[in-house]
Amino acid sequence: MTSYPHLFSPVRVGGHDLPNRIVHASTSTHYCVDGRVTDRLIDYYANRARGGASLLVSEPMAMLPWQTLPTRPQVLSGVNADALARWAETVAREGGLMLGQVQDNGRGFRAGFRNLAARGASALPDDLSWTVPEALSTADVHAMIECFVASCANLAKAGFAGVEISAGHGHLFHQFLSAHSNRREDEFGGDRDGRTRLLRLLMQSIRQTCGVGFMIGAKLPAWDGIDGGIDEVEAARITALLHAEGAMDYLTYCWGSHSDTLYTHLPDNHGPRLPYVDTIQRLGRAAPGVPLGALGLITDPNEGERIVRDGLADLVMLARPLVTDPAWPLKAREGREAEIRYCVSCNTCWHMITSGRGLLCDNNPRVGAVDEADWRPERAAVPRRIAVVGAGIAGLEAAWVAAARGHEVHVFGASDEPGGKTRLHANLPGGEGLSSIYDYQHLAARRHGVHFHLGQRADVDAILALAPDVVILATGSTPAWPAFLPEDWRDEGLVPDLREAVRQLAAYPARNPGNAVIWDEDHGAFTYDAAEFLADRFDQVTILTPRDRIASDESLVVRQGVYHRLYRKGVKIITSVRPLPMPKIEEGEIAYANIFSGAQQALRDVSFFTYATARVPDDALAPALRAAGVEVRVIGDCKAPRIALTATAEGYRAAMEL
């Protein structure tokens, strides 16, 4: 008997009986090579089906002649005919139904330059990249519909259960639906009837060609945040027109566009939980009888259960949570919630995809592995004694995996609690999801018998006293002392780094007068969550950085959210500058110069100064341990300061190599 009877109740969608309400929402993997379906791509979806998702929506597929991105699965060309059939059959064998996603970017472009080959509804600039597309002629649009339909027929022949038409996110269909981006004067423009004609014809043609048993889902824009674009009222009217055609088998909605609202389509922990579900429920009333999918920051089985139980939606659509743990449904149904690796909602996955590195995850170092779902490490042939120095997320990942493989593992941690700097970040605004990483690791380590030595900073003697076969150093890194500050200030502890500043101020929520200044060379999320933290404690916060923008090391969607929140809180951002040597911090002044022009200015009324600089590895223990004849492996920031993803990945890899 499951604790989530509504979430795991059957539902009929498009002539198919689903055993539960959990849908793998579309997310790109970029696991294709030259448009060819790979084993890794099939394994990714098969693992999500094996883990309990009943319906799985693919990433956008190549269904048009101009869709030549090598990471898109080719459908129209026919080169993947056998692979598509194997993909659908493999997912079906694991208990899931596979849908392909119908989508084209149109003028929408995320990169920091223009798409010179874009096609769109009208010759108007994209609101993000300023790409002006070639406007599709009326004949082009009809030909495009024919290609989409032919591709859907290929999917039906391969055994796919249907398709989802992605009509939001500022992509091509969205561009036709919106009066802001559709200035056409032919049958596909003008009034709402004309602007929806492309979608209505496409749905009708897919239905006529592929039959009533071929599922047609639709993802529509609910709000794009653009003047003259689509808001909730317009979205309801569009929904009603599409519903009248009778071809939609399920319906869901998305937020944002290729504009300064792009970040809203991937909500993080800086806002409320389930931010879109209530709006989705209201919009669904415009399509009575059509199964409705809820999405947006749904990470916990209790949230999914409430959505179905309270009639907010019929389907619970998960993308990032199933990237993090493909067995999320299986573990929830079996009451193993403590074993779920929960989504951090940090959007590193989106960053990896859009930067060309393929789908990866901070909290799942095994994304796309053949045996990923509900994985258990194989036992090591020869058990060894392992000392892990550092209880951050790199060390904890190494510890639990090594212990699960049968090694005797001891973890030293300087703090009384595990988690390292990630725990500090988790206590900042928007950082709470990060606790999912170390909470899972700590529980898994305890389950597998790891010995914890917390609250003590290990030295060489303490480590050698264990007589370890291997030492894994995961001692992290420390922000470098800024070159423009006097060295004797460091010895006197006059200026704390940003981590130490957060620790010091955490116990003092009172408002402080004056300007808190952050020197930012780091450009990671911690810096800007800490800036929000300081904004709640000081009259003014100012960020100085030598780069031409902030959050340079974060994805576009994260960076947009950072700017949105900091500007709303009145944080001043000054780019392309360097503080002048010997700042008069004691006198409440910091002078700085533009790095290009040399023009000098000064901040006054400075009451607090801190810095987030490039970090230096804390690897001092390594030489002495190696000199003592111990095998030492260095991982995470101790190896080279990077991000959470590399910390968990290197911890996992080190444990698997023992």
Side-chain angles (χ1 to χ4, degrees), residues 110 127-128 169-170 223-226 254-276 279 296-297 299 320 343-351 354 362 421-422 424-436 498-499 501-502 505-506 509 511-512 514-545 547-575 603 608 610-612 643-644:
R110 292 183 297 266
D127 298 281
L128 185 62
H169 301 309
W223 175 89
D224 57 24
I226 295 176
C254 57
W255 270 250
S257 182
H258 274 82
S259 69
D260 57 8
T261 65
L262 184 65
Y263 74 99
T264 62
H265 89 281
L266 286 170
D268 58 24
N269 287 307
H270 286 90
R273 302 294 307 175
L274 312 182
Y276 303 144
T279 304
L297 203 61
T299 61
R320 293 172 294 175
C343 176
V344 177
S345 305
C346 63
N347 292 325
T348 294
C349 51
W350 195 89
H351 195 17
T354 57
D362 281 355
K421 71 174 184 293
T422 305
L424 182 66
H425 192 173
N427 290 320
L428 292 175
E432 63 183 78
L434 292 166
S435 64
S436 301
L498 188 55
R499 295 181 194 169
V502 168
L505 292 168
R511 194 88 178 163
N512 297 282
N515 191 356
V517 178
I518 302 172
W519 170 243
D520 176 23
E521 293 177 351
D522 180 72
H523 283 236
F526 177 89
T527 299
Y528 310 109
D529 291 347
E532 286 192 64
F533 171 86
L534 293 180
D536 292 333
R537 286 164 170 77
F538 288 87
D539 289 342
Q540 178 64 57
V541 172
T542 301
I543 297 174
L544 300 176
T545 182
R547 299 200 204 180
D548 60 358
R549 68 182 184 190
I550 62 168
S552 298
D553 292 348
E554 296 297 328
S555 68
L556 172 60
V557 291
V558 171
R559 186 163 59 251
Q560 284 187 336
V562 166
Y563 274 113
H564 176 79
R565 292 187 302 275
L566 294 186
Y567 279 135
R568 283 174 64 92
K569 289 199 168 189
V571 174
K572 292 182 179 179
I573 301 168
I574 303 174
T575 62
L603 294 174
F608 191 79
T610 182
Y611 58 92
I643 58 177

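Take Ser552 and apply the side chain to side chain contact (heavy atoms under 4.5 Å, CB included) test, not counting sequence neighbours, and it matches His523, Arg547, Arg549. For Thr422, the side chain to side chain contact (heavy atoms under 4.5 Å, CB included) partners are Ile393, Leu434, Tyr438, not counting sequence neighbours. Residues meeting the side chain to side chain contact (heavy atoms under 4.5 Å, CB included) test with Ser436, sequence neighbours left out: Tyr342, Asn363.
The closest side-chain donor-acceptor pair between Asp529 and His270 falls under 3.5 angstrom. Defined by atom type and a distance below 3.5 Å, a donor-acceptor pair is present between the side-chain atoms of Thr261 and Ser259. Defined by atom type and a distance below 3.5 Å, a donor-acceptor pair is missing between the side-chain atoms of Asp268 and Ser345. The closest side-chain donor-acceptor pair between Tyr528 and Asp520 falls under 3.5 angstrom. Side-chain atoms of Asp548 and Thr575 include no donor-acceptor pair closer than 3.5 Å.
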Problem set entry | Stepwise side chain to side chain contact (heavy atoms under 4.5 Å, CB included) test for Trp223 and Thr264 | CA-CA 9 Å; Trp223 175 89; Thr264 62; 4.0 Å; yes
For this session: Could you go through the side chain to side chain contact (heavy atoms under 4.5 Å, CB included) check for Asn512 and Asp539 one step at a time?
Result: CA-CA 6 Å; Asn512 297 282; Asp539 289 342; over 6 Å; no
For this session: Apply side chain to side chain contact (heavy atoms under 4.5 Å, CB included) to the pair Leu297 and Arg273, showing each step before the final yes or no.
Result: CA-CA 6 Å; Leu297 203 61; Arg273 302 294 307 175; 3.8 Å; yes
Problem set entry | Verdict with reasoning, Asn347 to Ser555, per side-chain hydrogen bond (donor to acceptor under 3.5 Å, both in side chains) | CA-CA 8 Å; Asn347 292 325; Ser555 68; 5.8 Å; no
Exercise. How far apart are the C-alpha atoms of Thr542 and Ile574, what are their side-chain angles, what is the distance that settles it, and do they pass the side chain to side chain contact (heavy atoms under 4.5 Å, CB included) test?
Worked result: CA-CA 7 Å; Thr542 301; Ile574 303 174; 3.9 Å; yes
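Atoms CG and CG, from Asp127 and Asp260 in turn, are 8.5 Å apart once rounded to the nearest 0.5 Å. Leu262 CG to Asp224 CG: the interatomic distance, rounded to the nearest 0.5 Å, is 11.5 Å. We find the CG-CG distance between Leu128 and Leu556 to be 5.5 Å, quoted to the nearest 0.5 Å.
Counting heavy atoms from C-beta outward, Thr527 and Ile518 have side chains that approach closer than 4.5 Å. Using a 4.5 Å heavy-atom threshold, the side chains of Leu566 and Ile543 count as touching. Phe526 places a side-chain heavy atom less than 4.5 Å from the side chain of Leu424. Side-chain atoms of Asn515 and Phe538, non-hydrogen and from C-beta on, never get closer than 4.5 Å to each other.
Summarising the geometry of Ser257 relative to Gly170, their closest heavy-atom pair is OG-CA, 3.4 Å, with the distance given to 0.1 Å. Considering all non-hydrogen atoms of both residues, Cys349 and Arg320 come closest at SG-CG, 3.8 Å. The minimum heavy-atom distance linking Ile550 with Tyr563 is given by the pair N-OH, 3.2 Å. In this structure, His265 and Tyr276 approach most closely via the heavy-atom pair N-OH, 4.5 Å. Of all non-hydrogen atoms in Arg511 and Ala535, the two that sit nearest each other are NH1-O, 2.8 Å. Pairing each heavy atom of Leu534 with each of Ala516, the nearest pair is CD1-CB, 4.5 Å.
In Arg568, the CZ atom is not crowded: 12 or fewer heavy atoms of neighbouring residues, nucleotides or ligands sit closer than 6.0 Å.
Remark: side-chain polar atoms of Glu554 are paired, donor with acceptor, to backbone N or O of Ala525 under 3.5 angstrom. Checking side-chain atoms of His169 against main-chain N and O of Cys254 turns up no donor-acceptor pair under 3.5 Å. No donor-acceptor distance shorter than 3.5 angstrom exists from the side chain of Thr299 to the backbone of Cys343, with no hydrogens or angles considered. The backbone N or O of Tyr263 sits less than 3.5 Å from a side-chain atom of Gln560, completing a donor-acceptor pair.
Cation-pi contact between Arg537 and Phe533: present, with separation from the ring centre below 6.0 Å and deviation from the ring axis of at most 45°.
Asp536 has a carboxylate O that lies under 4.0 Å from a charged side-chain N of Lys569, or vice versa, which qualifies the two as a salt bridge.
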